[in-house]
There are 2 protein chains.
Amino acid sequence: MHQSETGLVQRSAPGAGAIRQALQEQIAHGLLPAMERLPSERQLSELFATTRITLREALLQLEALGLIYREERRGWFVAPPRLAYNPLARTHFHAMVEAQGRRPATEVLAARQMLASAEICRLLELPALSSVYQIRRVRRVDGRLVLYVEHYLNAAYFPGLLEHDLQRSLTELYRDRYDIRYGEVRFEILPTALLPEAAQALRVAQGSPALHITRINHDQQGRLIDCDLEFWRHDAIQVRVEVPD
Amino acid sequence: MHQSETGLVQRSAPGAGAIRQALQEQIAHGLLPAMERLPSERQLSELFATTRITLREALLQLEALGLIYREERRGWFVAPPRLAYNPLARTHFHAMVEAQGRRPATEVLAARQMLASAEICRLLELPALSSVYQIRRVRRVDGRLVLYVEHYLNAAYFPGLLEHDLQRSLTELYRDRYDIRYGEVRFEILPTALLPEAAQALRVAQGSPALHITRINHDQQGRLIDCDLEFWRHDAIQVRVEVPD
DNA sequence: TAGTGGTCTAGACCACTGA
DNA sequence: CAGTGGTCTAGACCACTAA
């Protein structure tokens with residue numbers, strides 16, 4: 001459909017698809033390095049001779065592919081390589097991230113004892129009016145916010161939990177202070193969008209695509225000890241599971 | 001910010017978020033049954049007293065949440081419940097779907113013998129210039145297209161494969177004709193967008209969010225026999241993995 | 001053929017970020 | 001305070017679907 005009627009007629013409307021491909025190619029060839037900010041939407045729309053809405057459509061497609069991401073009201077950035085994540089592995093976040101040559105960080109948003117919600121009672125198989133510890137954290141890789149987690153711990157197994165340093169790995173804390181190790185693990189993966197609280201914590205637009213992973217952990221004695229509700233930026237990970245026969 | 005200056009001033013612009021919530025509530029309460037078509041975008045935008053672009057933004061948010069989906073140029077539909085899927089399970093698609101009270105269907109798009117691409121050589125650990133069988137299929141649940149798969153089989157292990165009925169389960173075919181059963185399984189999950197071929201096969205807009213699952217299967221003797229490249233509609237499944245310690 | 005979703009134009013105002 | 005992304009208005013044309 002090359003309707004090049006005359007040499008003068010310029011392909012006036014590249015369209016969102018073509019813009020996406022152009023940017024995609026630049027990224028693939030490393031002309032735009034990881035975590036580098038793209039030019040502003042207005043500059044790009046001028047560059048591609050189109051409107052901001054069309055240009056934005058192209059950016060949203062790249063976001064869906066996981067090639068770029070945004071920080072709310074700060075701009076668009078080139079996405080770094082995905083983290084390989086095995087939810088079955090017993091290793092903790094910092095070890096996993098460092099093993100891949102990346103820089104991990106954890107921030108505790110809040111920690112408290114509370115009544116288990118209906119959802120948490122179901123996951124931890126607790127009776128009504130049970131008490132749990134809730135820990136809300138965000139985690140970074142190379143400085144970038146990638147994960148919002150809510151941990152819920154069966155309070156019966158972790159007396160005095162809140163007095164410990166919660167910034168460190170819970171896996172280590174369990175082992176050192178409570179002599180508890182992970183046994184059977186179960187998890188669920190749900191592709192969805194970020195809920196308001198998670199979106200705010202990760203400072204991304206509400207409704208951004210995300211991967212919701214629910215982990216349910218037993219200890220070495222088979223007791224159901226805790227569960228994690230994880231919300232990952234969808235472009236930040238690559239789940240990899242290996243299980244021998 | 002309720003600037004209700006006079007009683008006459010009507011809240012003119014509900015905004016995409018409010019529209020999303022309104023529709024979300026209707027869906028949650030079952031007023032809009034699963035797989036039912038929503039009114040047209042123009043009707044909805046009139047109903048909510050806004051533009052089509054804003055209304056579309058709300059629909060895209062609901063799509064990201066997995067609550068509604070579209071069929072290209074046919075309209076928006078309420079998403080049915082997700083299918084629980086365990087990639088580690090040895091059971092085949094039809095059995096899995098029926099076990100959840102749903103109606104499965106499979107269509108073979110194409111089947112051929114071909115040279116393995118670099119990517120396939122890597123996955124199947126094959127030397128250069130190896131021959132593989134490629135089978136491309138789409139699968140439905142309750143009539144809805146949900147999965148596009150490309151199977152790649154090490155041709156050395158499956159002589160005369162193309163002469164068999166490929167519409168049935170490969171698991172069964174392996175067992176009945178080649179005395180091959182699944183052993184160790186490895187898989188990867190990548191949240192991304194649909195590639196052009198997958199989008200076309202599933203008849204959805206290119207760039208729709210999707211879950212890309214790569215399965216690598218060994219047989220009972222530990223031989224690497226085949227791999228599947230699966231592209232799921234992101235709202236169609238819920239991956240669930242259980243592994244004893 | 002009427003109506004649909006897919007795409008695009010050409011602007012606008014706002015809240016917020018970063019210098 | 002200038003510039004940014006986030007959001008919105010009010011249209012338009014096209015390819016395609018379904019009757």
Side-chain angles (χ1 to χ4, degrees), chain A residues 1 3 10-21 23 36-64 68-78 145 193-194 196 199-200 202-209, chain B residues 1-3 10-21 23 36-64 68-78 143 145 193-194 196 199-200 202-209:
Chain A
M1 303 263 278
Q3 305 173 341
Q10 196 183 338
R11 201 106 192 74
S12 56
I19 296 174
R20 189 207 69 229
Q21 282 182 17
L23 290 171
E36 176 145 321
R37 189 168 170 283
L38 295 181
S40 80
E41 294 181 357
R42 286 171 177 84
Q43 281 174 14
L44 286 173
S45 61
E46 207 165 312
L47 189 61
F48 287 105
T50 184
T51 35
R52 249 184 89 200
I53 293 202
T54 300
L55 185 273
R56 242 174 111 75
E57 172 63 25
L59 294 178
L60 290 171
Q61 289 182 20
L62 290 170
E63 183 188 43
I68 63 173
Y69 66 97
R70 37 185 166 161
E71 291 182 21
E72 179 122 57
R73 287 177 197 285
R74 283 190 11 89
W76 295 86
F77 301 82
V78 178
L145 284 166
L194 287 176
Q200 196 184 357
L202 294 181
R203 264 173 266 168
V204 299
Q206 185 183 329
S208 299
Chain B
M1 302 268 275
H2 303 261
Q3 306 174 340
Q10 198 184 335
R11 199 108 191 75
S12 56
I19 296 174
R20 190 205 69 229
Q21 282 182 17
L23 290 171
E36 175 145 321
R37 189 168 169 283
L38 296 181
S40 79
E41 293 181 359
R42 285 170 177 83
Q43 282 174 13
L44 285 174
S45 61
E46 208 166 312
L47 189 62
F48 287 104
T50 184
T51 35
R52 249 183 89 202
I53 293 203
T54 301
L55 185 273
R56 239 172 114 75
E57 172 63 25
L59 294 178
L60 290 171
Q61 288 182 21
L62 290 170
E63 184 189 43
I68 64 175
Y69 66 97
R70 36 183 168 160
E71 292 182 20
E72 179 121 57
R73 288 178 195 283
R74 284 192 7 91
W76 296 86
F77 301 81
V78 178
L145 284 166
L194 287 176
Q200 195 184 356
L202 295 181
R203 264 173 266 168
V204 300
Q206 184 183 332
S208 299

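Numbered from 1 within each chain, the chains take letters A, B, ... in sequence-line order.
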Salt bridge (Lys or Arg N to Asp or Glu O under 4.0 Å) partners of B/R74, counting only residues at least two apart: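 Salt bridge (Lys or Arg N to Asp or Glu O under 4.0 Å) list for B/R74, sorted by chain: B/E71.
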Whether over 12 other heavy atoms sit under 6.0 Å from B/R37 CZ: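 Count over threshold, so yes.
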According to a strict under-4.0 Å criterion, is [X] in side-chain N/O contact with OP1 or OP2 of [N]?
| X | N | result |
| --- | --- | --- |
| B/T54 | D/dT7 | no |
| B/S40 | C/dT4 | yes |
| B/R56 | C/dG6 | yes |
| A/T50 | C/dT9 | yes |

Euclidean distance, [Y] [atom2] relative to [X] [atom1], rounded to 0.5 Å:
| X | Y | atom1 | atom2 | result |
| --- | --- | --- | --- | --- |
| B/I68 | B/E36 | CD1 | CD | 13.0 Å |
| A/Q200 | A/L194 | CD | CG | 12.0 Å |
| A/I19 | A/T50 | CD1 | OG1 | 5.0 Å |

Separation of [X] atom [atom1] from [N] atom [atom2], in whole Å?
| X | N | atom1 | atom2 | result |
| --- | --- | --- | --- | --- |
| B/R37 | D/dT17 | CZ | P | 14 Å |
| B/W76 | D/dT17 | CH2 | P | 17 Å |
| B/Q61 | D/dC8 | CD | P | 9 Å |
| A/L38 | D/dG3 | CG | P | 20 Å |
| B/E41 | D/dA10 | CD | P | 18 Å |
| B/E46 | D/dA10 | CD | C1' | 14 Å |
| B/R70 | D/dC16 | CZ | C1' | 15 Å |
| B/L44 | C/dG3 | CG | P | 17 Å |

Are any of the side-chain heavy atoms of A/F48 and A/L23 separated by less than 4.5 Å? yes
Among B/L62, B/L55, B/L60, side-chain contact (heavy atoms from CB on, under 4.5 Å) partner for B/R20: B/L62
Sort me out a list of protein N/O and nucleotides 11-14 of chain D N/O pairs below 3.5 Å, or just none if empty.
none

